Amino acid sequence: MDQPEIEAVFVDALQNVAESVTELVGFEVAAISVVRDDSHLEMVAVAGSDSARAELLGRRTPIAEIEQELRSAEHWGDLLRFVPHERMTTPADQLGWVPDLVPSDDPEMWHPLDLLLVPFHDDEGELRGLLSVDVPTDRRRPAPGVRSHLQRYAAHARRSLLTGLERAELAHRVRLADAARKIVRQVSSELSIERIVSICQPAVTTGFDAAGMWIQTFDLDRGGGDAVHGATEAEIVVAEEFKVMGRAAAELLWQAQEVALVTRDTFPEIDGLTVEEEQKARLWEFMATALEATSLLFVPIGAGQECVGNMALTRRGTKDEWSLAEREAALEIGHDLGHALKNAQTFERERRLLEEVRELASYKSRLIATISHELRTPLTAVLGHLELMESARLPVLVAGSMQAVQRGAQRMRRMVEDLLVLSQVADPSRVLDPYPVDLAQVVEDVLGLLDVTLTRQELTVVFDAPDEPVRVPGDVVGLDRMCTNLIGNAAKYTPKGGTITITLVPSGEMVELSITDTGVGISPEDQERLFEEFFRSSDPEVLDIPGTGLGLAIVHRIVEQHHGTIDVVSAPGEGSTFTVSLPAKARPV
Ligand code: ADP
């Protein structure tokens with residue numbers, strides 16, 4: 001059953017009770033009203049007289065007024081309260097409906113302004129409803145017999161009313177909890193705070209029958225600059241002093257696991273928070289003018305021990321009461337939102353960090369590229385002149401120095417070339433435009449280019465690949481560079497007469513390329529740092545072999561760019577195997 005259905009059943013039950021009173025107890029009119037919020041009674045059932053029904057149904061009476069009357073009432077048993085017309089304080093024209101009876105001075109007779117009431121209190125002593133009866137059928141003020149008869153019906157009416165109210169309250173809670181759950185379901189996967197707020201807002205404002213909703217998120221990293229999100233209507237500018245107060249209040253309320261209610265002229269007591277009278281006045285003014293609200297439910301938002309924000313829900317005019325169920329549900333939403341916001345904040349922080357790292361990496365690449373370019377031109381000139389001088393007849397001593405200079409310049413050129421390549425493959429702003437590349441063909445080409453070196457080193461090369469092309473989506477220049485560096489290293493670090501075995505196998509969704517050599521091998525400590533820029537083994541045997549320490553760093557970047565992985569298995573003196581795994585299919589963008 002939904003809320004309106006439950007309400008209809010409840011009102012029907014009360015109408016039945018009222019009708020039984022008119023039919024069986026001896027009164028022409030019986031009416032039942034219910035406490036709708038903390039300050040009013042609403043008439044929901046009227047039986048007996050059509051004119052009374054038309055006049056009274058839906059009528060709202062301040063509880064204070066009824067309580068005032070009850071104070072002067074005669075107690076007839078523990079439930080019935082009789083207010084003879086002469087004691088009544090409410091002016092007759094405010095009673096709503098007065099029976100058309102001729103007043104009599106006889107104290108035994110019922111006076112049209114007499115009131116016979118049965119207030120219904122719950123087990124906690126709270127007033128929850130009221131039964132009033134009028135016009136006894138015998139026109140006499142009820143005698144003890146009639147009173148006890150009425151009393152029995154009244155007890156029955158009280159039970160109906162209290163169970164009905166309980167059911168309605170439960171349904172209300174379910175409705176709110178539903179809205180809350182809906183929010184959690186929808187927002188827990190949302191990673192931007194703005195999205196969380198925009199999704200929650202309609203659900204929460206509907207669920208709570210609120211006029212507006214605002215969420216303040218605390219900037220947990222920087223302490224200040226908290227942001228306020230959302231408003232149902234125009235954007236609201238919230239003064240810094242309210243943000244500071246909101247944060248302090250939310251943190252205290254989160255510790256106490258409570259919500260707080262601000263109305264036009266009341267301010268909640270929050271343990272540990274002192275607010276100046278002028279500040280309260282400014283807040284009330286802000287509520288009345290900017291928010292156009294008569295009440296504001298203030299809810300802390302948090303996760304675990306940490307309070308991450310607060311939510312303000314506003315109401316206007318007659319709807320400004322917040323039931324206990326609503327307050328509890330609002331606090332639950334504070335928990336749900338807390339988790340979602342915390343997720344979003346962590347995500348946002350990581351994203352910012354990643355962006356900074358990328359920015360730094362990009363800057364580094366640009367710097368390396370610029371320096372390498374600047375070095376390349378003079379180096380080319382140096383090497384050109386050295387070549388020219390080779391043909392000149394030079395004294396032996398000078399020729400020896402010249403060769404040393406040439407070796408040094410060539411090393412520098414290799415370094416500059418490698419740095420240029422590294423700056424390109426390490427630049428995060430460079431996006432790969434994948435194209436199917438036959439890796440078998442790439443390996444064949446690289447072997448062709450390295451043929452002289454391989455022959456000079458007397459190395460045996462075994463290349464094992466399927467007959468058909470083995471394609472991977474990628475950049476042919478990068479993949480060529482990757483194979484050159486890996487096969488080049490195998491050749492460089494394998495003594496004469498050794499063997500290099502290359503295998504290329506499609507394996508499920510991946511393609512595996514392995515390069516195994518029978519060379520010097522790599523120690524476990526060195527394996528850990530192998531892919532770092534400028535890393536070279538400290539092994540003196542290896543250090544004699546020229547190198548820049550950039551080759552594997554470049555390979556690593558290229559493999560990453562292709563969404564692949566690289567592994568090494570090696571032992572000193574026993575050779576090494578480098579295995580690259582690349583996806584066989586392009587990833588969806
Ligand atoms: P470079 O070869 O220019 O020094 P690399 O980045 O290609 O730079 O390699 C880094 C270090 O890793 C090398 O100095 C060498 O010590 C070690 N290394 C790389 N490949 C092999 C291999 N196949 N066998 C033995 N050691 C290797």
Side-chain angles (χ1 to χ4, degrees), residues 414 418 421-422 425-426 437-451 453-454 457 459-466 470 472 474-495 498-508 510-539 541-543 545-584:
R414 274 199 300 275
D418 274 359
V421 175
L422 184 71
V425 295
V437 178
D438 178 9
L439 263 189
Q441 188 57 52
V442 172
V443 173
E444 291 286 1
D445 292 349
V446 170
L447 287 176
L449 277 173
L450 291 176
D451 196 36
T453 318
L454 296 167
Q457 286 285 97
L459 297 170
T460 309
V461 176
V462 181
F463 179 31
D464 192 7
V470 183
V472 293
D475 161 41
V476 71
V477 179
L479 293 172
D480 191 291
R481 168 64 68 161
M482 177 188 87
C483 292
T484 305
N485 288 7
L486 288 174
I487 301 171
N489 276 355
K492 222 162 51 166
Y493 300 108
T494 302
T499 305
I500 300 174
T501 311
I502 305 167
T503 55
L504 182 62
V505 274
S507 149
M510 308 297 276
V511 167
E512 251 179 41
L513 171 70
S514 297
I515 295 131
T516 303
D517 61 54
T518 54
V520 295
I522 309 159
S523 68
E525 308 86 74
D526 284 357
Q527 284 178 34
E528 298 207 350
R529 306 188 46 204
L530 220 48
F531 299 102
E532 283 176 20
E533 289 152 19
F534 301 109
F535 174 76
R536 300 214 68 210
S537 164
S538 50
D539 182 343
E541 192 188 345
V542 175
L543 274 181
I545 304 166
T548 60
L550 289 172
L552 285 181
I554 292 171
V555 168
H556 190 233
R557 297 293 183 156
I558 295 171
V559 172
E560 265 186 349
Q561 257 187 350
H562 287 77
H563 310 292
T565 56
I566 181 162
D567 287 308
V568 60
V569 176
S570 180
E574 288 178 23
S576 317
T577 298
F578 284 84
T579 306
V580 174
S581 249
L582 298 176

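Both backbone and side-chain heavy atoms feed into the values below; hydrogens, waters and symmetry mates do not. We count residues from 1, following the sequence as given. On a predicted model such as this, the values are computed, not experimentally measured, just so you know.
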Quick one: does any side-chain atom of [X] pair with a main-chain N or O of [Y] as donor and acceptor, under 3.5 Å?
X      : Y      : answer
Ser507 : Met510 : no
Gln457 : Thr494 : yes
Asp517 : Ile500 : no
Asp438 : Val470 : yes

Measure the spacing between [atom1] of [X] and [atom2] of [Y] and express it to the nearest 0.5 Å.
X      : Y      : atom1 : atom2 : result
Leu530 : Arg536 : CG    : CZ    : 11.5 Å
Asp480 : Gln441 : CG    : CD    : 10.5 Å
Phe463 : Thr503 : CZ    : OG1   : 8.5 Å
Leu479 : Asp445 : CG    : CG    : 12.0 Å
Arg529 : Leu552 : CZ    : CG    : 13.0 Å
Leu459 : Thr518 : CG    : OG1   : 7.5 Å

Within-4.5 Å side-chain heavy-atom neighbours: [X] and [Y]:
X      : Y      : value
Thr548 : Phe534 : no
Leu513 : Met482 : yes
Cys483 : Leu486 : no
Asp418 : Ile554 : yes
Leu450 : Ile487 : yes

The single option from Asp464, Thr516, Leu447, Val446 passing side-chain contact (heavy atoms from CB on, under 4.5 Å) against Ile502: Leu447
Least distance between heavy atoms, Thr579 atom then Glu512 atom: CG2-CG, 4.0 Å
Ser538 to Leu543 - nearest heavy-atom pair and separation: O-CD1, 4.0 Å
Expected list for residues 557-573: side-chain donor-acceptor pairs under 3.5 angstrom, two or more places apart:
unit_1, atom_1, unit_2, atom_2, d
His562, ND1, Ile558, O, 2.8
His562, NE2, Asp475, N, 3.0
Ser570, OG, Ile522, N, 2.8
Ser570, OG, Gly575, O, 3.1
Ser570, OG, Ser576, OG, 2.9

